[in-house]
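Numbers restart at 1 for each chain; the letters A, B, ... are given by sequence-line order, proteins then strands.
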Number of protein chains: 2
Amino acid sequence: MDNDAPPALDAVVDLGPLPGLTGYALRRAQIAVFHDFHRTMEAEGIRTAQFSVLEVLKANPGLRQTQVSFALGIKTTNFVPLFDELERRGLAERRPIPGDRRAKGLFLTEAGRATLERLEKLVAEHEARFVARIGAAGKAQLLGLLHRLTDRTFDPDRS
Amino acid sequence: MDNDAPPALDAVVDLGPLPGLTGYALRRAQIAVFHDFHRTMEAEGIRTAQFSVLEVLKANPGLRQTQVSFALGIKTTNFVPLFDELERRGLAERRPIPGDRRAKGLFLTEAGRATLERLEKLVAEHEARFVARIGAAGKAQLLGLLHRLTDRTFDPDRS
DNA sequence: TATTGTTATACTCTATAACTATA
DNA sequence: TATAGTTATAGAGTATAACAATA
């Protein structure tokens, strides 16, 4: 008998009501998915927020910082160093906006566009790993449910 | 006409492929739910990780730190100050374990048990707000899908 | 030698306040 | 007086390395 063995680390621990809480289940799933995302992007040195900014600039060239950061739920104050790094790496750039000398329009560079194409291939593989787990129908269901949970009028700068 | 008005902050911005990515949708939903949780718990001064520890201790009195932190995906090194605060506030305590003088068994105090009862009422209200959005059937579907996305063998101390 | 708990520390993420230059 | 962008800074949350006591 093995009565004196140390308690197995993965011994069954009763999590009580936690697995039945939407927030807890969301958090654990999000961590698992982001963990895979980080491993996928490790070689490219791109983090989730950076990737999302590049995608928004691809879809909406010339947006102002305020618009991009609001759309992604990033505080403008935190957006600055984030975008600084994209600019430093030559993936995106700020340009003056005619008619408002305070504002700046954000654009992908050619290098940014090329990099994003590589990233999208990696992300597609990453995404496929999770679609393999729940199926295309499961994913469609999931996205519908998540969308109904998400607060669409969230302004990180004013809350 | 209003041609010179500043661009509306919530103007429709094309998020490109982001809303179709499981990780992005998970993250936005998780932020919305946690935002409500934080507001709900503000008066009690309890954060998500602290709440989850209290629940695990209620369901499994006497577990070792290693077991609790592994079960919740918290690094043992980060668990220490987290539990220190619960102990300082008199909600939980470390007790010696007979037979292993390195290890410590974790328990709720009476005050911890009483506090947790209050917290559970608040959490139930919090949860109800989201069940109201997606229905009981929607929640059951969601939890099933999230569980299939979650990595059950994740050890934060060794990864 | 390995395990339990711990300290010290660093890095990322997020949050608050205050500033500048324009409008 | 308000807005766009910025700086500085503080606080969570999470990460690594190394250690003492015990097994």
Q. Quick one: what's the B/S/- string for nucleotides 8-19 of chain D, heavy-atom cutoff under 4.0 Å, read 5' to 3'?
A. B----SBBBB--
**Q.** Residue whose nearest DNA chain C nucleotide is more 5′ - B:D100 or A:D100
**A.** B:D100
Q) Any N or O donor-acceptor pair linking the side chain of B:R101 to the base of D:dT22 at under 3.5 Å? A) no
Q: Could you state the atom-to-atom distance from CZ of B:F70 to P of C:dT4 in whole Å?
A: 12 Å
Q. Do side-chain atoms of A:D157 reach the backbone of A:T76 as a donor and acceptor pair under 3.5 angstrom?
A. yes
Q) Considering only heavy atoms from C-beta outward, does the side chain of B:L143 approach that of A:Y24 to under 4.5 Å? A) no
Q: For B:L106 and C:dT4, give me the distance from atom CG to atom P, rounded to whole Å.
A: 13 Å
(Q) Can you tell me how the ring of A:F37 sits relative to the ring of A:F34, calling it parallel under 30°, perpendicular over 60° and tilted otherwise? (A) tilted
Q | Listed nucleotide nearest any side-chain atom of A:Q65, set D:dG5, C:dT6, D:dT7 | A | D:dG5
Q: Please report, rounded to the nearest Å, how far the P atom of C:dT7 is from the CG atom of B:L82.
A: 14 Å
Q.
Tell me the interatomic distance from A:I74, atom CD1, to C:dA15, atom P, rounded to whole angstroms.
A. 12 Å
Q. Atom CG of A:D155 and atom P of C:dT14: how far apart are they, to the nearest Å?
A. 15 Å
(Q) Does D:dA4 have OP1 or OP2 under 4.0 Å away from a side-chain N or O of A:Q67? (A) no
Q | Test: A:R89 and A:E85 ion pair at under 4.0 Å | A | yes
Q: Report yes or no: is the cationic atom of B:R95 (NZ for Lys, CZ for Arg) under 6.0 Å from the centre of the six-membered ring of B:F107, at an angle within 45° of the ring normal?
A: yes
Q: May I have the distance from A:F34 (atom CZ) to C:dC13 (atom P), rounded to whole angstrom?
A: 10 Å
Q: Grab the CZ-P distance between A:F79 and D:dG5 for me, whole Å please.
A: 9 Å
Q: Report the hydrophobic cluster partners of A:V33, with the cluster defined as I, L, V, M, F, W, Y residues connected by side-chain heavy atoms closer than 4.5 angstrom, directly or transitively.
A: A:L26, A:F130, A:I134, A:L142, A:L145, A:L146, A:L149, B:L26, B:V33, B:F130, B:I134, B:L142, B:L145, B:L146, B:L149
Q | Side-chain heavy-atom pair A:F70, A:L63 within 4.5 angstrom cut-off | A | no
Q | Closest to side chain of B:R102, choosing from C:dG5, C:dT22, D:dT22 | A | D:dT22
**Q.** Gap between atoms CD and C1', on A:Q50 and C:dT14 respectively (whole Å)
**A.** 16 Å
